[in-house]
Amino acid sequence: MTNAPAQSGSGIAARAAAASAPPYLRALNPEQRAAVETLDGPLLVLAGAGTGKTRVLTTRLAHILAQRKAWPGEILAVTFTNKAAREMKERIGGLIGGMVEGMTWLGTFHSIGVKMLRRHAELVGLKSDFSILDTDDQLRLLKQLIQAEGIDEKRWPARQLAAHIDGWKNRGLTPDKVPAGEGAAYANGKGAQLYRDYQARLKVLNAVDFGDLLLESLRLFQENPDVLAGYQKKFRYMLVDEYQDTNVAQYLWLRLLAQGHRNICCVGDDDQSIYGWRGAEVDNILRFEKDFPGACVIRLESNYRSTPHILGAASGLIAHNEGRLGKTLRTDQNAGEKVRVRGHWDGDEEASAIGEDIEQAQRAGTSLEEVAILVRASFQMRAFEDRFITLGLPYRVVGGPRFYERAEIRDALAYLKVTMSPDNDLAFERIINVPKRGIGDNSVQKIHAIARATGTSLHRAALDIVQTEELPNKARKALADLLASFARWRTQVDTLPHTEVAEIILDESGYTEMHQQDKDPKAPSRLENLKELVRSMNEFETMEGFLEHIALVMDVEQSGEQEEKASIMTLHAAKGLEFDTVFLPGWEEGLFPHQRALDESGKAGLEEERRLAYVGITRARKACTISFAQNRRVHAMWQTALPSRFVDELPASHVDVDAMSSSYGGYNLGGADRFGGSRFDDFKPFNSGYNTPGWKRAQARHADGSALRSSPHIIEGTLTTSDAGATSYARGDRVFHQKFGPGTVTHVDGNKLSISFDKAGDKRVLDSFVSRA
DNA sequence: GTCCTAAATTTTTTT
DNA sequence: AATTTAGGAC
């Protein structure tokens, strides 16, 4: 921006305005201030990295409230991550005080979706206490459906189907809207049908998956104009953070809501769109002006974060992308250090070198809190962890293996879920035989069969079956005990504090004991995790509140850390953060850009990878070190890699190549006279036009994959089509039972029959297990 | 039904 | 290399 700052703006009016402006506006630059004060009508704020985006968002919110344009409850503010939502809440709280509490509609797309769906559950075929499946539940469910269809799971992995379904949901496609060609892409045309089955099953389970939180909210609006109109009227102002990451479903949802007051403000940066694989459409931001006619667009281009060299390197890199709106970031800081580029012999050496750098920085007075290592893929983290442990360098892994995804936590949660809502079949199935209590696959299958035949939940079916002799004695006893325990725990929920009940459940179920007996070296840490789980429940009023929270926030809040630590995280997790010193290791072809991104999305994939690189560099305030290794251990084998093409694309004037790295000698950067020529001349194994050989490979794979075996063989399933709905049996009827053989009905009690079997004697069985003889 | 051993598969990024 | 899955013995 070449204009003078607003404070010295021309005219008396401007000065008067400045003088009377509320204090929170004074600290803003002119563009930021415009973004805050342009309240009415659609507004797109293109906020480059480090240009004070969050500040603008929060100030804008405070401004709306201060101007009494709307009540807190009339503002819809959506973010993508819980972290962002939390941060925004805190910062607004700092500006407007207790009023934040009234901001009920500030949250992630998903959490707002849940809130709306719970209110109007019956309109989309759910009950308001529906449960939310995570990826693991989703996968297990899909596996069951795939098996029921008799499809070979090896050939058509459930993961793949899950990916398809996710993709459709992200694009706002219900099963009937899936394009025929795409539905056929999975399991010889069964994809769309499986999607339909899956959705039907979810409804029966009274459950939704992550994608549904958006898709079903969207459907709610599309099919219920009155509901939509209500929300349109309610939300006087709408704010959307990270708009470049919205997918089609979210976009449609926003657009419907914005038809009301039309005061929608979207903030984003097309250069930081890194979630294309999750369905994000950069296009949404690119065509904002078309979608919202008369929209105002404001660019924030003053960078307050990084030094010119860092900014220059990042800008030069991202300039290689074609599909972008384009912007020029400026900074008035002093030049600072150039971005360092360093090569290493292998990944271990890279880790050692970075470890030394960090120690040196630490001695020079840098706080470890200001140091971050940003990796492309999480497997890279290990080398650093190993190294830092031997160095005694404190570190923290951000967003690593998630707390709530650990098996022991999920098991414990399943217990709690069944206690709270017994009909949660997936949770029930998960723990029915954990710890081992003698209820094996066969017994579970039987319970399943009854549940299916009678159209009830597994829990109800289990209650029925224990009154019979269908199950082996051991299993029957175990199941009856388990059911009695759940009944008992349920009553305790009302009388005892929820953390206490949780402890009782884990204890009495034998779950804790199972881990105490376990001789696995990791067992103690699992027990520790269970304790942590109970501890974290303390922050919630009720068990329900706790379970709702973790369904959406898959992470546990890191609290009360005293020690300073260096951060290790993925580039994706780093978005929105900043550090004085940033290390970007692993810039090698195949890893970064990742081969799979190239294979699956070709040029679009490459450009997304480049944006990821851009995000990485722009996290740095003062120092940025990029490195690559010639050799890296991938599985068990060593693989040689070439430096990333991104290294080449960094503008020479902002980069320092450090050839002094210890055993770097073997790696000849630029031929014999590497200081003479252009630094990376001999590195260029790729043409400037990106051809992606992997893409062809992927196609070839696809081709032979689907062509090989002609058709999936169909396993004749024993479909239990019982006479559930038909007339019940009567006393004296002759019946046949798979296991006990022929017999005569002696007594009828609902769906439970007492039968005198010719060979096996008197037994009680469920009607769904016998047929008329 | 459970436990033990062998084999296969895995690693991109996440609400 | 590590973790999950399948198969086989008990």
Side-chain angles (χ1 to χ4, degrees), chain A residues 78-85 107-114 132-136 138-139 143 153-154 157-159 162-163 166 169-170 208-215 217 242 245-247 249-250 273-280 374-383 386 398-402 404-405 407 433-445 471-475 478 520-522 550-555 569-575 586 590-601 605 608-609 611-613 615-616 632-639:
Chain A
V78 256
T79 63
F80 270 82
T81 63
N82 295 294
K83 199 166 64 178
T108 61
F109 275 101
H110 298 266
S111 67
I112 289 170
V114 174
I132 302 164
L133 306 195
D134 56 34
T135 347
D136 205 64
Q138 192 186 3
L139 229 46
K143 267 184 194 158
E153 248 183 281
K154 287 273 165 53
R159 301 187 62 95
D166 258 3
K169 289 187 172 175
N170 285 335
V208 295
D209 63 18
F210 272 117
D212 281 338
L213 294 179
L214 303 170
L215 184 62
S217 320
E242 307 279 13
D245 288 333
T246 47
N247 61 36
Q250 288 159 337
S273 165
I274 54 175
Y275 285 104
W277 50 274
R278 209 174 75 187
L374 311 181
V375 297
R376 172 68 246 262
S378 37
F379 77 88
Q380 293 172 262
M381 292 180 180
R382 245 201 41 206
D386 287 349
V398 179
R402 287 143 176 281
Y404 291 116
E405 274 169 22
N433 201 28
V434 179
K436 296 264 188 306
R437 31 173 86 85
I439 308 171
D441 267 358
N442 283 330
S443 305
V444 174
Q445 284 313 314
L471 297 179
N473 260 336
K474 191 179 164 213
D520 188 300
K522 281 177 220 135
I550 55 163
L552 293 170
V553 185
M554 291 300 288
D555 233 339
M569 67 185 97
T570 64
L571 286 160
H572 284 88
K575 189 158 80 153
L591 176 59
F592 193 31
H594 200 281
Q595 192 58 48
R596 238 167 110 171
L598 264 34
D599 285 355
E600 284 167 13
S601 316
E608 179 153 318
E609 296 285 292
R611 290 193 290 268
L612 202 45
V615 168
R632 198 170 283 279
R633 207 169 31 199
V634 177
H635 296 139
M637 288 173 312
W638 285 94
Q639 284 194 347

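Below, read A as the first sequence line, B as the second, and so on, with proteins coming before strands; counting in each chain starts at 1. The structure displayed is predicted, hence computed values, not measured ones.
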J.: Output a table of nitrogen or oxygen pairs between the protein and nucleotides 3-10 of chain C separated by less than 3.5 Å.
T.:
residue: dT3(C); atom: OP1; partner: Lys522(A); partner atom: NZ; Å: 3.3

J.: So what does Ala475(A) touch, heavy atoms closer than 4.0 Å: a base, only the sugar-phosphate, or nothing?
T.: nothing
J.: Given dT2(B), dT14(B), dT15(B), identify the nucleotide with an atom nearest to the side chain of His572(A).
T.: dT14(B)
J.: Taking only residues two or more places apart in sequence or in another chain, which ones pass salt bridge (charged side-chain N to carboxylate O under 4.0 Å, His left out) with Arg596(A)?
T.: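 Scan of Arg596(A) (salt bridge (charged side-chain N to carboxylate O under 4.0 Å, His left out), adjacent residues dropped) gives Glu600(A).
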J.: Choosing from dT13(B), dT11(B), dG1(B), which nucleotide comes nearest the side chain of Asn442(A)?
T.: dG1(B)
J.: Quick one: side chain to side chain donor-acceptor pair (under 3.5 Å) partners of Asp212(A), sequence neighbours excluded?
T.: Lys169(A), Gln199(A)
J.: Once side chain to side chain contact (heavy atoms under 4.5 Å, CB included) is applied, do any residues pair with Lys143(A), and if so which ones, sequence neighbours excluded?
T.: Glu153(A), Ala158(A)
J.: What's the spacing between Arg632(A) CZ and Phe379(A) CZ if we round to 0.5 Å?
T.: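 Result: 6.5 Å between the selected atoms.
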J.: By nearest heavy atom, map Leu214(A) and Phe379(A) onto DNA chain B; which one lands nearer the 5' end?
T.: Phe379(A)
J.: Which nucleotide wins on minimum distance to the side chain of Ser443(A), given the candidates dG1(B), dT11(B), dT15(B)?
T.: dG1(B)
J.: What distance separates Asp209(A) CG from Leu139(A) CG, expressed to the nearest 0.5 Å?
T.: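 Going from CG on Asp209(A) over to CG on Leu139(A), the span is 11.5 Å.
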J.: Please name all residues satisfying salt bridge (charged side-chain N to carboxylate O under 4.0 Å, His left out) with Asp386(A), sequence neighbours left out, ordered by chain then number.
T.: none
J.: Heavy atoms, side chains only, cut-off 4.5 Å: are Phe210(A) and Asp166(A) in contact?
T.: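 Not in contact.
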J.: Using heavy-atom distances to pick each residue's nearest nucleotide on DNA chain B, tell me which of Arg159(A) and Thr570(A) is more 5'.
T.: Arg159(A)
J.: Given atom CG of Leu133(A) and atom P of dT15(B), what is their separation to the nearest angstrom?
T.: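 Distance, rounded to whole Å: 17 Å.
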J.: Nearest to the Trp277(A) side chain among dT13(B), dG1(B), dT15(B), which nucleotide is it?
T.: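 Within the option list, the nearest is dT13(B).
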J.: Would you please determine if the base of dT14(B) is stacked by Tyr275(A), with stacking meaning a centroid separation under 5.5 angstrom and planes under 30 degrees?
T.: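 So no, this residue does not stack on that base, at least one cut-off failing.
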J.: Quickly work out the Arg382(A) CZ to dA1(C) P distance and round it to whole Å.
T.: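 Arg382(A) atom CZ is separated from dA1(C) atom P by 10 Å.
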J.: For Glu608(A), check salt bridge (charged side-chain N to carboxylate O under 4.0 Å, His left out) against everything at least two apart and list the hits.
T.: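 Testing Glu608(A) for salt bridge (charged side-chain N to carboxylate O under 4.0 Å, His left out), a comparison that skips the adjacent residues, returns Arg611(A).
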J.: Taking the same atom, C1', in dT11(B) and in dA6(C), what whole-Å distance lies between them?
T.: 23 Å
J.: Quickly work out the Leu139(A) CG to dT9(B) C1' distance and round it to whole Å.
T.: 15 Å
J.: Whole-Å distance between dT13(B) P and Leu571(A) CG?
T.: 11 Å
J.: CG of Asn170(A) versus C1' of dT13(B): gap in Å, rounded?
T.: 14 Å
J.: Without decimals, in angstroms, what is the distance between Asp386(A) CG and dA1(C) C1'?
T.: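 Roughly 12 Å, once rounded to whole Å.
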J.: Measure the distance from CD on Gln595(A) to C1' on dT10(B) and round it to the nearest whole Å.
T.: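 Roughly 17 Å, once rounded to whole Å.
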J.: May I have the distance from Asp136(A) (atom CG) to dT14(B) (atom P), rounded to whole angstrom?
T.: 16 Å
J.: Choose from dT2(B), dT11(B), dA2(C) the nucleotide whose nearest atom is closest to any side-chain atom of Asn433(A).
T.: dT2(B)
